[in-house]
Amino acid sequence: MDLENSSTLSDWDKWKSTISKAVNLGEAVGLSEKSITKIGTKVGSFLTSSVDPENREQRLLQELWKAGSDDDRSTLTKLIIKMVDHE
């Protein structure tokens, strides 16, 4: 396992930064937490079915997404939002 690969960490940080910007934009335009979660869940479903993950962290998220129920996916979305909020 290559934990020292800075491009992998950079890609992950870039992905988190992109998600953070989207969440902050949603908050800035007045979307509720429920609305942001609903949109995030739809985006997650699209990405899981259409995009090949760029790194092992994204691949793990994709596998968790596929394994989970709709409630699990909503919870995962909420956790990702919490993880990136105010980055």
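Keep in mind that what you see is a predicted model, and the values were worked out from it rather than measured. Along the sequence shown, residues are numbered consecutively beginning with 1.
Linking Ile, Leu, Val, Met, Phe, Trp and Tyr whenever their side-chain heavy atoms come within less than 4.5 Å puts Trp15 and Val43 in one cluster.
The backbone N or O of Lys21 lies less than 3.5 Å from no partner atom in the side chain of Asn24, so there is not a single donor-acceptor pair.
Every side-chain contact (heavy atoms from CB on, under 4.5 Å) that Lys34 has, sequence neighbours left out, goes to Ser32. Every residue two or more places apart in sequence or in another chain was checked for a side chain to side chain donor-acceptor pair (under 3.5 Å) with Asp71, and none qualifies. Annotation: side chain to side chain donor-acceptor pair (under 3.5 Å) contacts of Ser49 (sequence neighbours excluded): none. Every residue was checked against the side chain to side chain donor-acceptor pair (under 3.5 Å) condition with Thr37, not counting sequence neighbours, and none meets it. With sequence neighbours excluded, the residues satisfying side chain to side chain donor-acceptor pair (under 3.5 Å) with Thr77 are Thr41. The side-chain contact (heavy atoms from CB on, under 4.5 Å) search around Leu31 returns Val29, Ser35, Ile36, Ile39, not counting sequence neighbours. Taking the side-chain contact (heavy atoms from CB on, under 4.5 Å) definition, one finds that Leu64 meets it with Leu60, Leu76, sequence neighbours left out. Here Val51 pairs with Leu47 under the side-chain contact (heavy atoms from CB on, under 4.5 Å) rule; sequence neighbours left out.
Between Thr48 and the options Glu63, Gln62, Gln58, a side-chain contact (heavy atoms from CB on, under 4.5 Å) holds for only Gln62.
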Self-check item: side chain to side chain donor-acceptor pair (under 3.5 Å) between Thr75 and Asp72, worked out
Solution: CA-CA 5 Å; Thr75 299; Asp72 295 332; 5.6 Å; no
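Distance NZ/Lys14 to CD/Glu54: 7.5 Å, rounded to 0.5 Å. With rounding to the nearest 0.5 angstrom, the OG1 atom of Thr18 is 10.5 Å from the CG atom of Asp13. We find the CD-CD1 distance between Glu27 and Ile81 to be 8.5 Å, quoted to the nearest 0.5 Å. In this structure, the separation between OG on Ser20 and CG on Leu25 is 11.0 Å, given to the nearest 0.5 Å. Distance NZ/Lys66 to CZ/Arg73: 10.5 Å, rounded to 0.5 Å.
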